Structures are given as C-alpha cells and as structure tokens.
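Each remark here refers to the structure printed beneath this line.
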Amino acid sequence: MSQELSENEYRNQRIQNMEQLEAAGYPAFGKAFERTARLDELHASFEEGRGVKACGRIVAMRKMGKMAFAHLNDGSAKFQLMVKKDILGDEIFAAFKLLDLGDIIGVEGEMIVTQTGEPTIRIASWTLLSKALLPLPEKWHGLQDVETRYRQRSLDLIANPDVMEVFKKRTAVMRAIRAYLDARGYYEVETPMLQQIAGGAAAKPFMAHYNALDIDVFMRIAPELYLKRLIVGGMDRVYEMNRNFRNEGLDRTHNPEFTALEIYQAYGDMRTMQELIQGMFTHLAETIFGKMEFEWMGNTIDLRTPWREVAYHDLIREHLGADWFERSLEEAVAKAEELEVFIEKGMDFKQVTHEIYDKTIEGSLIQPTFITRLPKELVPLANHCPDDPDLVDVFELIIGGKEIAPAYSELNNPLEQRKRFEEQAKGDGGKIDEEFLVALEYGMPPTGGMGIGIDRLLMLLTGSDAIRDVILFPQLKPKS
RNA sequence: GGGCCGGUAGCUCAGUCGGUAGAGCAUUUGACUUUUAAUCAAAGGGUCCCGGGUUCGAGUCCCGGCCGGCUCACCA
C-alpha cells in the first residue's frame with residue numbers, strides 16, 4: 001500500500017512542495033493555532049475592517065500573477081481569502097503559491113468585501129498547519145463513488161458538505177432527545193454491552209471471549225432486561241441510548257451495530273409512551289428541522305399530531321374485508337395467493353393473516369400510525385389488554401411503511417414471564433435469565449416501555465434512503 | 001443466497017463492430033493585482049478490479065473470483 005502510494009505522482013509532487021515550504025521556513029506540520037472564531041461565526045459576525053485570525057483547509061485556489069484568491073473550509077463554513085503580493089512581500093507570496101489544495105493553514109488579516117460582494121479575509125500573514133499529501137476529489141462533482149465514500153468517510157466529509165450536514169443533524173437529534181428526556185425526569189443509564197445471556201429480543205448475537213474468566217460472552221442484542229431490573233430497583237424513569245449488536249444480514253435498513261433508545265417508565269403503560277413519543281418527535285421536528293413534513297423514500301410524511309391509532313383487527317378488516325375474521329383458513333390462503341403473498345404449509349389462520357399484514361398492509365401505512373391491540377402470539381413480553389386476554393396492550397408505530405418504534409405495557413408477572421421464557425427456550429435452546437426473573441419476583445410496578453431505532457428515525461428526518469448514510473462508519477466487507 | 005447493474009487517470013465520466021487508451025476537473029510549466037467552475041497557452045499522468053480462456057490482436061467476447069449498488073428471498 002505505502003509502496004503504491006509512494007509511486008503516486010501527485011503525492012510525490014506534494015512531498016516536493018512540502019520540502020520547498022520547509023526550506024522557506026514553513027514547517028509542514030505546525031502547532032496549535034488560536035483563531036478568532038470558526039468560519040461560520042466569522043460570517044455571522046462579519047464586520048468590515050476588523051482584524052481576525054482564522055484557519056481551515058484550502059478547498060479552492062485561484063492564483064494570478066501578483067494576487068490569489070482561496071477558499072478556506074473548517075467544517076463549519078467556507079470563507080474566501082485574498083492574498084496580495086504587495087501586502088505579503090515577494091517571498092511570503094511565493095511560498096503561499098506553493099500550497100496545494102487540501103493543505104491546512106492559519107491566517108491573520110482584515111475582513112473586507114470584494115468587488116463581487118463576497119466577505120473575504122485579506123491576509124497579512126499565514127502559517128502552514130498541516131500539509132496534505134493526497135489530492136482532494138474533484139471540486140464540483142465531489143466524491144460520488146458510494147463505496148469510497150463509506151470506506152473513506154474522512155474524504156466524504158471533506159468533499160460533500162451535505163454529508164457533514166446529515167451527521168451534524170444526527171448529533172443535534174441525539175442531544176435533543178437526551179435533553180427532552182432529562183427535562184422530564186428520566187435518568188440516562190448505561191447497562192452491559194457484554195452479557196452472558198443475550199436477552200431482551202429475538203436475534204442472533206455476536207460472541208466474544210473473556211480471557212480472565214475464560215468464558216464466552218455475547219454482545220448485547222438489547223438492554224431491555226437490565227433496564228427493567230432498574231425499574232424494580234426504584235429508578236422509575238430510565239432510558240439508555242446506545243449500541244445494540246445483531247449478528248444478521250446487512251441491507252439498506254440494517255447495520256449489525258445500530259443505536260437504539262429504550263425508555264421505561266414505572267406506573268405508566270403503553271399510553272404513557274404514546275404521548276411521550278408524539279411529544280418528542282414533534283419537538284425534534286420543530287426545533288432541529290423547523291418543519292413537520294419530511295420527504296422520505298418517495299413519500300411526504302406529516303408528523304403533525306395526533307397520529308392515527310388503529311387496532312390490529314380493525315386494520316385487517318379495513319384492508320381485507322369486514323368479514324375477514326369469519327372466513328375459513330382456506331379462504332384466507334386463497335386471498336393471500338391473490339395478493340401474491342407466499343404462505344408456508346402448516347400456517348394457521350392467524351399466521352396467514354399476519355403474513356398478509358406484513359407483506360401488504362404495513363408497507364402501505366405512510367403517515368405515522370399506531371397499531372394497537374396485537375394478537376398475543378406476536379408479542380411475548382407484553383401485558384395483555386385488560387378487556388381481552390388474547391390481545392396485548394402494545395403499539396407498533398409505523399412511519400413510511402417501516403416499523404419505527406414498538407412500545408408495551410410491560411409484562412410484570414414473574415410467573416407468566418418464566419412460562420414464556422421457558423417456551424421460548426424450548427424453541428431456540430437459549431438460556432433463561434434467572435437474575436432477571438429473581439428481580440421481577442421482588443415486584444416490578446406496572447411499566448410502560450418503548451424502543452426507538454435511532455438510525456431509522458434519522459433516516460426519516462434527514463431524508464436518507466439508506467442506513468449507511470446516517471452511520472459514520474457502516475459495516476462493509478474488507479476490501480483486500 | 002438468487003437476479004439485474006457497475007468497477008477505465010487523483011476525482012467525475014466517455015470508450016462505436018474486437019484493431020495505438022479519451023475528455024473535463026486536478027497536476028506541472030509559462031502569462032496574469034478583484035477571482036469565485038477564474039481565464040489563456042503548452043505538457044505530463046493508466047495493474048482498464050483480479051485470474052484464466054478465445055483470438056494474429058481483448059477495456060470490449062467467454063468462464064471463474066473479489067468489491068459495491070439495486071432488488072427478491074431468507075432471518076427476525
């Protein structure tokens with residue numbers, strides 16, 4: 001690799017330029033530089049005639065015989081520099097012309113407005129802060145190659161301001177979520193990433209080995225069981241926003257490590273969570289994006305509340321006919337075939353119904369929709385509805401045809417919980433989390449809980465069609 | 001995992017019927033004191049993803065592989 005690079009013509013030229021600059025008294029990798037302000041702040045506080053110090057990467061350069069214009073970018077904004085031979089003197093001006101696109105410099109000068117009206121720093125002196133040995137992508141197409149963008153995110157961020165903008169929004173959203181929850185008395189906690197039993201969800205975990213104890217451990221697939229143990233302990237409003245790891249395929253909406261927000265509130269239920277999420281999403285949309293309508297995957301999504309709520313069975317009837325639940329299995333299968341939904345042999349009526357829901361109905365729910373009162377078979381860890389033991393008291397929030405957040409009135413009956421774990425363990429041979437069950441036996445108050453896929457939320461808010469566009473370093477196969 | 005599409009200069013992309021590898025930007029040299037896709041003149045720059053095959057001759061055709069994108073399926 002380094003061999004290839006050293007043979008690169010561009011790199012060699014830049015090393016030569018670097019040597020000439022060093023010979024002229026400009027060390028290639030300089031010291032800290034104290035600037036007056038970031039470039040976006042300089043734009044905001046522009047005042048003709050004021051002396052300023054600024055720094056950043058040279059992203060454009062227009063050299064003329066006795067003067068030059070350049071644009072500096074420090075990640076916050078661009079700012080134009082005017083460089084004049086009669087101000088700097090022959091030697092310093094000549095050295096400036098040795099700079100390459102991509103070099104990082106610090107300048108001192110006076111703020112002026114050019115003939116074309118652009119705020120500019122007319123520099124009186126400059127210093128080299130860091131030499132760039134590799135050339136930047138082309139100036140108006142930027143870096144397009146998707147693979148290179150993900151593999152070399154630094155370059156992507158330099159070349160594509162839109163990308164920088166998305167990740168600044170990501171930070172802003174996460175900060176705002178924390179502030180929103182903190183202000184309402186929720187404690188942010190951290191629970192184990194390395195777990196001996198990977199519980200709280202049904203997913204294949206990553207494994208690791210812990211040498212000191214000589215045991216295999218799992219990367220967590222969800223923090224749920226630990227957070228509920230904190231509810232038992234009396235932390236009655238907790239949340240964790242952190243990474244989960246699932247050892248499954250990757251595609252446009254799945255990355256093996258992803259960020260989930262889980263929130264639990266004692267003495268609440270799924271209704272509590274319903275109010276919380278509507279309030280929170282509205283707040284994010286208004287304060288960070290200044291709008292309530294978002295373009296996502298070809299649809300316009302309106303986040304104005306209240307969002308539609310519909311019971312699962314009503315939704316099915318709406319799409320498949322008011323008499324759907326009076327039909328026979330054969331009739332249901334026939335309908336599935338008509339809708340081109342593949343049905344495996346041996347499925348019962350409920351499974352066929354859900355398969356049709358999954359393949360044809362869920363994707364059609366573009367505007368935010370809470371689906372409530374799900375069949376208990378679909379959601380094993382929730383309390384049932386007070387008026388119907390066959391249904392669970394939960395919602396699934398669907399936006400843009402995608403599941404964004406499930407919420408439950410959490411199961412707090414330890415005997416029932418044990419029964420369900422045992423059934424589940426029979427199926428996949430998994431272990432039962434006894435410590436969690438012991439905690440439940442001390443009594444967990446009625447609790448509302450919710451999980452939000454932060455990456456998918458960000459896809460929606462930033463109009464990104466791929467999860468890789470909202471994760472700085474998405475998982476890729478090694479190139480070699 | 002299946003299907004389709006893509007990988008050519010640092011970047012963005014062309015490349016016809018199989019016949020000497022192309023453009024713009026970038027780079028180098030020269031001119032140029034208000035440019036902003038600066039301009040003008042000239043020059044240099046290639047493991048055509050990798051490995052086989054067909055052919056007098058392969059960026060191009062065939063086979064295999066790698067990486068990526070889209071999509072379907074699987075998993076949940």
Side-chain angles (χ1 to χ4, degrees), chain A residues 3-5 7-17 20 58-73 78-88 90 93 96-102 112-122 132-152 155-156 158-160 198 200-205 221-222 244 246-254 256 258 297 340-342 344 354-355 358-359 378-380 403 406 424 427-428 430 453 465-469 474-480:
Chain A
Q3 191 63 26
E4 280 175 38
L5 283 175
E7 288 164 6
N8 182 283
E9 181 203 1
Y10 292 87
R11 187 162 178 273
N12 284 338
Q13 278 165 359
R14 282 162 179 261
I15 287 173
Q16 280 175 28
N17 290 343
Q20 285 187 59
I58 299 172
V59 293
M61 181 109 83
R62 294 173 293 281
K63 297 176 193 174
M64 280 162 280
K66 291 174 185 155
M67 72 178 301
F69 289 93
H71 271 100
L72 225 50
N73 187 337
K78 287 186 195 176
F79 213 106
Q80 182 169 257
L81 304 180
M82 179 193 275
V83 187
K84 296 184 76 181
K85 191 174 184 175
D86 57 4
I87 293 178
L88 294 181
D90 290 1
F93 183 74
F96 190 91
K97 288 180 96 172
L98 287 172
L99 289 169
D100 292 306
L101 289 180
I112 62 160
V113 177
T114 60
Q115 282 180 2
T116 51
E118 180 165 350
T120 298
I121 300 170
R122 189 174 59 203
L133 299 183
L134 294 172
L136 258 30
E138 196 237 15
K139 63 187 162 198
W140 72 78
H141 294 101
L143 180 64
Q144 299 290 327
D145 184 80
V146 178
E147 191 176 347
T148 309
R149 285 189 40 226
Y150 296 144
R151 287 190 196 278
Q152 298 195 54
L155 201 53
D156 192 23
I158 292 169
N160 298 321
K204 293 191 193 92
I221 55 175
N244 291 338
R246 297 191 179 174
N247 204 342
E248 289 163 0
L250 53 160
D251 61 30
R252 208 153 48 113
T253 55
H254 294 81
F258 62 98
M297 300 205 182
E340 294 179 345
V341 174
F342 176 74
E344 274 178 61
H354 192 65
E355 198 60 25
D358 227 28
K359 293 291 186 299
L378 298 176
V379 190
E403 201 182 312
Q424 201 183 339
D428 57 18
D465 288 354
I467 198 167
R468 286 174 170 181
D469 292 326
Q475 189 67 37
L476 294 173
K477 283 196 193 181
K479 182 94 178 185
S480 69

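Just so it is clear: chains get the letters A, B, ... in the order the sequence lines come, proteins before strands, and each one is counted from 1. What you see below is based on every heavy atom in this structure, not just the backbone, and it leaves out hydrogens, waters and symmetry mates. Bear in mind the structure is a predicted one, so any value in this text is a computation, not a measurement.
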message: Please classify the nucleic acid contact of A/Arg252 as base, sugar-phosphate, or nothing, using heavy-atom distances under 4.0 Å.
response: sugar-phosphate
query: Is it true that a side-chain atom of A/Lys63 and a backbone atom of A/Lys97 form a donor plus acceptor pair closer than 3.5 Å?
result: yes
statement: The Watson-Crick or G-U wobble partner of B/rC13, with both key distances under 3.5 Å, is B/rG22
- request: Could you give the distance separating B/rG57 and B/rG64 at their C1' atoms, to the nearest angstrom?
  value: 23 Å
message: Using a 3.5 Å distance criterion without hydrogens, assess whether the side chain of A/Glu138 forms a donor-acceptor pair with backbone atoms of A/His141.
response: yes
query: How many angstroms lie between atom CE of A/Met64 and atom NZ of A/Lys84, to the nearest 0.5 angstrom?
result: 10.5 Å
query: Between B/rU12, B/rA26, B/rG45, which nucleotide gets closest to the side-chain atoms of A/His141?
result: B/rU12
- line: Contact string for nucleotides 30-35 of chain B, one letter per nucleotide 5' to 3', B = base within protein heavy-atom range under 4.0 Å, S = sugar-phosphate only, - = neither, reads --BBBB
query: NA contact type, A/Arg151, heavy-atom cut-off 4.0 Å: base, sugar-phosphate, or nothing?
result: sugar-phosphate
- request: Using the test side-chain hydrogen bond (donor to acceptor under 3.5 Å, both in side chains), find all partners of A/Asn17 that sit at least two apart in sequence or belong to another chain.
  value: A/Asp100
Distances for protein N or O near nucleotides 8-10 of chain B N or O, under 3.5 Å:
residue	atom	partner	partner atom	Å
B/rG10	N7	A/Tyr10	OH	2.6

task: May I have the distance from A/Leu250 (atom CG) to B/rC67 (atom P), rounded to whole angstrom?
output: 12 Å
- request: Take atom C1' in B/rG44 and the same atom in B/rA26, then report the distance between them in whole Å.
  value: 13 Å
message: Pair A/Asp156, A/Arg151 - check salt bridge (charged side-chain N to carboxylate O under 4.0 Å, His left out), show working.
response: CA-CA 9 Å; A/Asp156 192 23; A/Arg151 287 190 196 278; over 6 Å; no
message: Using atom C1' in both nucleotides, what's the gap between B/rC66 and B/rU28 to the nearest angstrom?
response: 36 Å
message: Between C1' on B/rG65 and NZ on A/Lys477, what's the gap in Å once rounded to a whole number?
response: 11 Å
field: Flag, side chain of A/Gln475 to backbone of A/Leu250, donor-acceptor distance under 3.5 Å
entry: no
task: Could you tell me whether A/Asp251 contacts a base, only the sugar-phosphate backbone, or nothing, with contacts defined as non-hydrogen atoms closer than 4.0 Å?
output: nothing
Watson-Crick/G-U partner (both atom distances under 3.5 Å) of B/rU28: B/rA42
Distance in Å, A/Asp86 CG paired with A/Phe93 CZ, rounded so as to fall on 0.5 Å steps: 9.0 Å
message: Given 3.5 Å as the limit, does a donor-acceptor pair link the side chain of A/Arg246 with the main chain of A/Ile221, or not?
response: yes
- prompt: Between OG1 of A/Thr120 and NE2 of A/His71, what distance do you get to the nearest 0.5 Å?
  reply: 7.0 Å
- prompt: Nearest of B/rC25, B/rU28, B/rA76 to any side-chain atom of A/Asn17?
  reply: B/rU28
task: Using the C1' atom on both, measure B/rU16 against B/rA21 and round to a whole Å.
output: 15 Å
query: Taking for each residue the nucleotide of RNA chain B with the nearest heavy atom, is it A/Ala60 or A/Asp100 whose nucleotide lies nearer the 5' end?
result: A/Asp100
- prompt: Out of B/rC74, B/rC25, B/rG68, which has the shortest distance to the side chain of A/Lys139?
  reply: B/rC25
- request: Go through B/rU12, B/rC74, B/rG68 for me and flag the one nearest to the A/Gln144 side chain.
  value: B/rU12
